[in-house]
Amino acid sequence: MSKYGDLLAFLLGIFFTLAFAPFNYPYLAVIALSLLFVSWQQITPKRAMLRAYLFGLGSFGLGVSWVYVSIHDYGYVPAAIATFLTVIFVAVWALFPMLVGYLSTIISPKISVRLMVAPLLWTLIEYLRGHVFLNGFPWLLCAYPQLDTALAGYIPILGAYGTGFIVSALAAMIAGLVIYQQRAWPLALIVVAVWGAGFFLKPLVWTQPMGDAINVALIQGNIRQDQKWLPENKVKTLRLYQSLTEQHWGTPIIVWPETSVPAFYSDINSVFLQPLSQDAAQHNTSVITSLPLDDNATNEYYNAVMVLGKETGFYRKTHLLPFGEYLPWQPVSGFVLNLLGIKLGNFTPGDLNQTLLKAGGYAFTPSICYEDAFGDLAINKLEEAAYLVNVTNDAWFGDSIEPHQHMQIARMRALESGRFLLRATNTGTTGIVAPTGVVIKQAPAFTSTVLTGAITPMRGLTPYAKIGDSVILISLCVLLLAIVVCGRYWIRKS
């Protein structure tokens, strides 16, 4: 039967990913984790480790398959090498569920203790994967599919990781119901109570309007990634964005996508940016754009957001993408990638303590590309920010599942912070997200268009914005330590 259990673990990983966008079967996340936890009981730690690794291969194998598109279709890497790199990528991230399976089973032989520590370890290792290893890869966190369920009520209180613990704890309790059956009726009551509390919490409002609604326009240029940086297309691209912007002069806030200006700041400032900024100021419009910023004095390069108009300024991206915007593990990684013929960027991270930019009369919290996957960045200086802005270029991933997953992640930041989110992307998915995490307007993908709408500047802090991830994670660590100590004492006494 063990081989069927191993195969089931792999299939459960696939089912787990079906909980996320664009598939959107949120309860599969709880069910898949629950059956995985059941499969770890009464087997050796090595077998649990194997099953957890197979779960990870199924989950990441489907969930981040879009890496191949980026490497092969737009990185121009041969198919064989792109496949090899994608397999390595999946295999590495699958190590993290494997670690949960191993640790959960070596801590104690008792099923009850294993079930109690599994959700704690799952959450803590999700954080290790999402924030620590290789600068973090917080994709496929188990809280994200719950944005449209009752468990969304916990998100503005506990954030993605705290809510992820709720999800995995429910999975462990359901696993207990499967294992203990009639003896587990108290667990059934707790499961109902946790879900019921989510229904009660979901309608609660944590932040308040601080002014009148502001009209906005989000520009989606739809420039193919393989065409974006060709020198002969630069003027055409700039004219497209300028033309679409001029059609909406007078709109207080206009947002362009990530690196919508396909040129360094020093090359384009006097001939394009300064005249556009003057026009924006004359029309009482703030244009939020994005471009690579070069500092000739230090010879450093930044992925940046720039505001044009009466209120000007720069935001330099702080959380860089490993192997995309910088190379970790130097000089080994650079040597290997050069052998493979893969050329990547070498940006410098910006300061975490940057002054917030202003547009439309209010300060906002900016993020560039996958920075919106980090909740701690969205709540940094949130008491000063009236709304959030994310500029992204998901053209790297074509018509894959990645843009849908990315929008789901962005929705989490709006709900955690209790702020409207303006999200401008190159090819999709451009949208306006309410403080409830609901997408209120969204542009069709792969079209050149302008999405118009309105947002309300907000003030106040959600409970999560006040406490952040640290308090939650420290509490989980203390609880894990207490369960381990008590579990061992229990074994000695029995």
Say whether [X] and [Y], considering side chains only, have a donor N or O and an acceptor N or O under 3.5 Å apart.
X      : Y      : answer
Gln146 : Thr149 : yes
Gln225 : Asp73  : no
Asp394 : Thr392 : no
Asp294 : Tyr302 : no
Lys228 : Asn426 : no
Thr462 : Glu416 : no
Asn390 : Ser367 : yes
His406 : Asp372 : yes

> Which class fits the ring pair His319 and Phe374: parallel under 30°, tilted 30 to 60°, perpendicular over 60°?
Replying inline: parallel

Is there a side-chain contact between [X] and [Y] in this structure, where contact means two heavy atoms from C-beta onward sitting under 4.5 Å apart?
X      : Y      : value
Tyr387 : Leu421 : no
Val67  : Ile71  : yes
Asp376 : Asn380 : no
Thr259 : Trp229 : yes
Phe364 : Leu356 : no
Val433 : Arg423 : no
Thr348 : Tyr301 : no
Trp40  : Arg114 : no

> When you look at OH of Tyr27, are more than 12 heavy atoms from neighbouring residues, nucleotides or ligands closer to it than 6.0 Å?
Replying inline: yes

Would you find a donor on one side and an acceptor on the other, under 3.5 Å apart, between the side chain of [X] and the backbone of [Y]?
X      : Y      : value
Tyr154 : Leu201 : no
Gln220 : Pro444 : yes
Arg413 : Ala378 : no
Thr207 : Met458 : no
Thr86  : Ala82  : yes
Gln227 : Ile223 : no
Thr447 : Thr449 : no
Ser260 : Trp256 : no
Arg47  : Pro45  : no
Asp226 : Tyr74  : no

Tell me if the centroids of the rings in [X] and [Y] come within less than 6.0 Å of each other.
X      : Y      : value
Phe137 : Phe89  : yes
Phe23  : His404 : no
Trp122 : Phe165 : no
Phe10  : Phe55  : no

> Only one of Phe20, Trp66, Phe96 forms a ring pair (Phe, Tyr, Trp, His ring centres under 6.0 Å) with Trp139, so which one is it?
Replying inline: Trp66

> For the atom pair CG (Leu35) and CZ (Phe37), what is the distance rounded to the nearest 0.5 Å?
Replying inline: 10.5 Å

>> As an exercise, state the distance from OG of Ser168 to CG of Leu141, rounded to the nearest 0.5 Å.
In response: 11.0 Å

